[in-house]
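Input: a single structure, listed below in structure tokens.
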Amino acid sequence: MAVEEKIAQAIRLAIQAASGEEVPEETIVLQKTRKDFEGDVTFVVFPFLKLLKRSPEESAGFLGKEVISRVEEVDSFNVVKGFLNISLKKSFWLDFLLTQSGSQDYGKAATISADKPVIVEYSSPNTNKPLHLGHIRNNLLGNSVARILEASGKQVVKVNLVNDRGIHICKSMLAWIKYGQGETPETSGKKGDKLVGDYYVRFETELRKQVQEVMNSRAITEEEARNTAPLMLEARDLLRKWEERDPEVIRVWEIMNTWVYRGFDSTYTRLGIDFDKIYYESDTYLLGRTIVLEGLKEGRLIKKADGSVWADLSDDNLDEKLLLRTDGTSVYITQDIGTAQLRHDEFKPEKMLYVVGNEQNYHFEVLKKVLKKLGKSWADTIHHLSYGMVELPDGKMKSREGTVVDADDLMDEMVETARRTTEELGKTTDFSETYKAVLYHTIAMGALKYFILKVDPRKNMLFNPAESIDFNGNTGPFIQYTHARIASMIRKAGPERMAQLRTDIHKHQIHPKEIALLKHIYNYPGMVREAAGELNPALIANFTYELCKEFNQFYHEFPVLNEPDRHISDFRLQLSAFTALCIRNAMELLGINVPERM
RNA sequence: GGCCCCGUAGUUCAACGGAUAGAAUGGAAGUUUCCUAAACUUUAGAUACAGGUUCGAUUCCUGUCGGGGCUACCA
């Protein structure tokens with residue numbers, strides 16, 4: 001049993017004994033003692049004053065004595081108003097260092113559960129649009145959440161659903177057919193996804209021209225003009241042909257897709273993310289249609305006079321939702337129904353996690369309701385991990401308006417900043433070219449990933465393209481630097497010494513600052529569990545930042561290798577190595593590498 | 001209009017209903033004969049507004065004001 005549990009238990013029994021009332025376990029909540037106060041664990045007595053029939057100070061004092069006598073790891077306590085601050089024995093902390101610092105897997109669950117897996121869907125790009133900063137947030141979040149869940153002992157399946165069909169895809173195809181003159185990534189020197197994206201933009205530009213012309217000559221609304229413009233009709237026609245598997249259309253579609261996937265893959269690789277399985281909407285949308293038609297036959301859905309199929313969600317205070325168009329083609333949610341069914345059948349997952357922006361909150365609400373309407377008992381395994389938008393100083397990024405921060409460009413800039421900063425600091429003189437290339441990439445990605453992941457996923461965040469992402473302060477490179485410093489000490493100590501550190505519990509008078517550092521590391525596994533429960537990588541980021549600050553203070557104040565007393569030096573070396581291990585494992589959960597030198 | 005989310009230092013981010021609201025950055029002032037100064041130390045600076053619940057509210061409730069999103073036979 002962990003010490004915290006023992007303390008909570010002791011407090012609970014003491015309150016029960018004193019009051020004669022049953023006290024449920026979950027009402028005893030311990031918290032970490034705040035930094036400005038002495039102690040390791042704090043219990044707030046206010047909620048129990050009525051049971052204890054004493055003043056806050058007396059109650060806390062009473063419980064403090066009980067805890068000391070019942071829990072051997074407890075050394076002392078102090079009382080501030082209604083706060084009982086409990087300190088653990090120094091031997092407890094030393095023992096923690098000696099028993100835990102050897103395990104490379106510190107903080108990872110010992111076993112992976114054999115139960116049903118958790119499916120994490122993320123990225124889910126649209127083949128018309130090159131990846132931008134919004135996708136970066138999505139990709140990093142999804143990847144990190146998957147890692148965190150794994151570390152907490154879940155079996156995780158990472159999946160990507162590529163949005164490769166629909167009217168929008170036909171738009172870029174049409175533009176390429178009409179205006180492309182056979183342009184390819186090779187002939188143009190453009191990355192495949194960028195090339196296709198350009199044709200999507202081209203379609204919109206040409207369409208706008210047509211709309212403008214029609215509106216100048218006839219008095220109709222813009223919406224009508226859009227819907228009746230020749231280009232739009234051609235795009236619709238192309239979609240019909242695509243759904244009929246017209247060989248020529250399919251051929252163009254496949255060629256363009258191949259370009260896009262090659263482009264996406266290179267971006268994913270640079271970002272360091274991957275998937276266990278990739279789904280394509282083109283493979284799943286028909287299943288969605290089948291399910292909808294079945295639902296219609298079973299009387300769960302309604303068909304209107306024009307032939308369109310709808311789910312009536314008015315019982316749930318939502319509107320009617322279109323599932324099949326008048327012409328029988330599928331809409332976005334139709335394929336989501338199919339994909340969900342497919343995944344459920346394949347994995348019988350405990351949970352299906354969708355990492356998708358909060359602009360789709362309504363969509364997922366509707367999806368769950370529709371699945372329930374269709375009688376799917378597993379509808380509640382669906383969980384929308386809804387993350388906030390990345391905003392620019394002048395508002396949201398919009399592909400159509402060209403106000404996007406391109407993922408590849410941003411990564412290029414980050415690498416360049418990393419190179420320049422490192423060289424300005426004059427640290428590269430004895431680094432090989434190969435090492436430098438890897439290092440700049442590591443630092444660049446560290447800065448970018450940390451910048452994104454340190455923010456609570458649910459909140460919108462701001463990115464200012466005019467200011468480059470910081471390398472000082474609460475940043476990825478700060479954490480990487482802290483690790484590199486420790487790695488440097490370990491190198492200097494040498495493998496032989498590291499293999500036989502003589503940390504002697506009895507000889508070493510451990511300093512409060514050293515305990516503070518150990519305490520921080522001690523909290524790491526709990527932090528991983530919490531992050532897994534909340535699906536929140538920001539907790540890991542902030543934890544690691546605090547740990548590094550704690551270490552840097554220690555490092556500044558206490559000599560490690562330069563400490564003449566070998567026992568103390570060994571102890572500090574072991575403490576430093578444990579810190580480095582904790583940093584490394586924590587950063588791994590964010591997908592951030594930590595260098596040995598920088 | 002309806003529904004949802006968000007308002008914390010100049011700026012970007014923290015804070016299970018708990019103690020004196022933390023950091024970073026920018027501003028001011030320091031620390032290199034010492035293990036990497038991408039570091040460390042000191043300093044000024046914030047809970048939009050008005051009520052309510054509570055021993056205790058940045059956190060929960062109501063209203064006002066401000067910002068964003070959704071409300072497509074787009075995805």
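Scope of the values below: all heavy atoms of this structure, side chains included, with no hydrogens, waters or symmetry mates. First the proteins, then the strands, lettered A, B, ... as listed; each starts at 1.
Between Asn126(A) and Asn128(A), the closest heavy-atom pair is OD1-N, 2.8 Å.
At the phosphate of A14(B), neither OP1 nor OP2 sits under 4.0 Å from any side-chain N or O atom of Lys35(A). Contact annotation: Lys459(A) side-chain N/O to A14(B) OP1/OP2 distance is under 4.0 Å. In this model, the phosphate group of A72(B) is not approached by any side-chain N or O of Lys321(A) to a distance below 4.0 Å at OP1 or OP2.
In this structure, Asp36(A) reaches neither bases nor backbone, as no heavy-atom distance under 4.0 Å exists between it and the strands shown. Base engagement by Gln360(A) is indicated by at least one non-hydrogen atom pair under 4.0 Å involving a base atom. Within the 4.0 angstrom heavy-atom criterion, base atoms lie near Val44(A). Asp164(A) comes within contact range of no nucleotide atom at all, as no heavy-atom separation falls under 4.0 Å. Among the protein residues, Phe83(A) comes within range of the nucleic acid bases, having at least one heavy atom under 4.0 Å from a base atom. At the heavy-atom level, Gln480(A) lies nowhere under 4.0 Å from the strands shown. When heavy atoms are screened at a 4.0 angstrom cut-off, Pro56(A) is found touching no nucleic acid atom at all.
Rounded to whole Å, atom P of A75(B) lies 13 Å from atom CG of Leu323(A). Put simply, CZ on Arg458(A) is 11 Å from P on A14(B), counting in whole angstrom units. Between Asp306(A) atom CG and C73(B) atom C1' the separation is 8 Å, expressed in whole Å. Separating the CD atom of Glu467(A) from the P atom of G10(B) is a distance of 16 Å, rounded to the nearest angstrom. Rounded to whole Å, the distance from CG on Leu453(A) to P on A24(B) is 21 Å. In this structure, Leu322(A) places its CG atom 13 Å from P of U71(B), rounding to the nearest Å. The interatomic distance linking Met232(A) (CE) with A75(B) (C1') rounds to 13 Å, in whole Å. Residue Arg34(A) contributes atom CZ, which lies 6 Å from atom P of G22(B) at whole-angstrom precision.
Rounded to the nearest Å, the gap between the C1' atom of U11(B) and that of G30(B) is 25 Å. If you take atom P in C34(B) and the same atom in A9(B), they sit 43 Å apart, rounded to whole Å. Only the C1' atoms considered, U54(B) is 30 Å distant from C13(B), to the nearest whole Å. Taking the C1' atoms as reference points, A72(B) lies 47 Å from G45(B), given to the whole Å. Here the separation of G68(B) from U8(B), taken at their P atoms, is 14 Å to the nearest Å. Annotation: C60(B) and G26(B) have their C1' atoms spaced 35 Å apart (nearest Å). A distance of about 11 Å separates the P atoms of A46(B) and A21(B), rounded to the whole Å. Only the P atoms considered, U12(B) is 15 Å distant from A48(B), to the nearest whole Å.
Look at C13(B): its Watson-Crick or wobble partner, with both distances under 3.5 angstrom, is G22(B). Of all nucleotides present, none satisfies the Watson-Crick or G-U wobble test against G45(B) with each distance under 3.5 Å. Checking G51(B) for Watson-Crick or G-U wobble geometry (two distances, each under 3.5 Å) identifies C61(B) as its partner. In a base pair of the Watson-Crick type (N1 to N3 plus N6-O4 or O6-N4) or a G-U wobble (N1-O2 and O6-N3), with each distance short of 3.5 Å, G1(B) is matched with U71(B). The partner of G66(B) is C6(B), judged by Watson-Crick or G-U wobble contacts that both fall below 3.5 Å. The base-pairing partner of G30(B), taking Watson-Crick or G-U wobble contacts with both distances under 3.5 Å, is C40(B).
For the pair Arg419(A) and Glu416(A), the salt-bridge criterion is met [side-chain N within less than 4.0 Å of a carboxylate O]. Ion pair Asp316(A)/Lys321(A) not flagged as a salt bridge, since none of the NZ, NE, NH1 or NH2 atoms sits closer than 4.0 Å to an Asp/Glu carboxylate oxygen.
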#### Entry: Base versus backbone protein contacts along nucleotides 33-44 of chain B [heavy-atom cut-off under 4.0 Å; B, S, -]
-SBBSBSSS---
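By the 6.0 Å and 45° rule, Arg572(A) does not stack over the aromatic ring of Phe558(A).
For the side chain to side chain contact (heavy atoms under 4.5 Å, CB included) test with Leu133(A), the passing option among Leu410(A), Val404(A), Asn138(A) is Leu410(A); the others fail.
Each of Asn126(A) and Thr42(A) was matched to the nucleotide of RNA chain B holding its nearest heavy atom; the match closer to the 5' end belongs to Thr42(A). Annotation: of the two residues near RNA chain B, Asn227(A) and Leu462(A), the 5′-most nearest-nucleotide partner is Leu462(A).
When only modelled atom types and interatomic distance are considered, Arg420(A) and Ser468(A) share no side-chain donor-acceptor pair under 3.5 Å.
Closest contact between the side chain of Phe46(A) and the listed nucleotides C73(B), G18(B), G68(B) involves G18(B). Taking every side-chain heavy atom of Pro47(A) into account, G18(B) is the closest of G18(B), C74(B), U71(B). With A75(B), C73(B), A19(B) as the choices, the nucleotide that has an atom nearest any side-chain atom of Phe37(A) turns out to be A19(B). Distance from the side chain of Arg325(A) is smallest for A75(B) among the nucleotides A75(B), C13(B), A19(B).
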### Task
Report the C-alpha separation of Glu4(A) and Lys32(A) in whole Å, then their side-chain angles, then the decisive distance to 0.1 Å, and conclude whether the salt bridge (charged side-chain N to carboxylate O under 4.0 Å, His left out) test is met.
CA-CA 10 Å; Glu4(A) 293 88 341; Lys32(A) 284 171 260 176; over 6 Å; no
### Task
Could you go through the salt bridge (charged side-chain N to carboxylate O under 4.0 Å, His left out) check for Lys513(A) and Glu557(A) one step at a time?
CA-CA 9 Å; Lys513(A) 192 77 207 166; Glu557(A) 201 174 332; 5.8 Å; no
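A side-chain donor-acceptor contact under 3.5 Å links Asn523(A) to the backbone of Lys519(A).
At a cut-off of 3.5 angstrom, counting only N and O atoms as typed in the model, there is no donor on one side facing an acceptor on the other between the side-chain of Asn358(A) and the base of C70(B).
A centroid separation of 6.0 Å or more is found between the aromatic rings of Phe203(A) and Tyr200(A).
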Contacts under 3.5 angstrom, residues 533-543 of chain A side chains, donor-acceptor by atom type, not counting sequence neighbours:
{"from": "Asn536(A)", "atom 1": "OD1", "to": "Ala538(A)", "atom 2": "N", "distance (Å)": "2.9"}
{"from": "Asn542(A)", "atom 1": "ND2", "to": "Ala538(A)", "atom 2": "O", "distance (Å)": "3.2"}

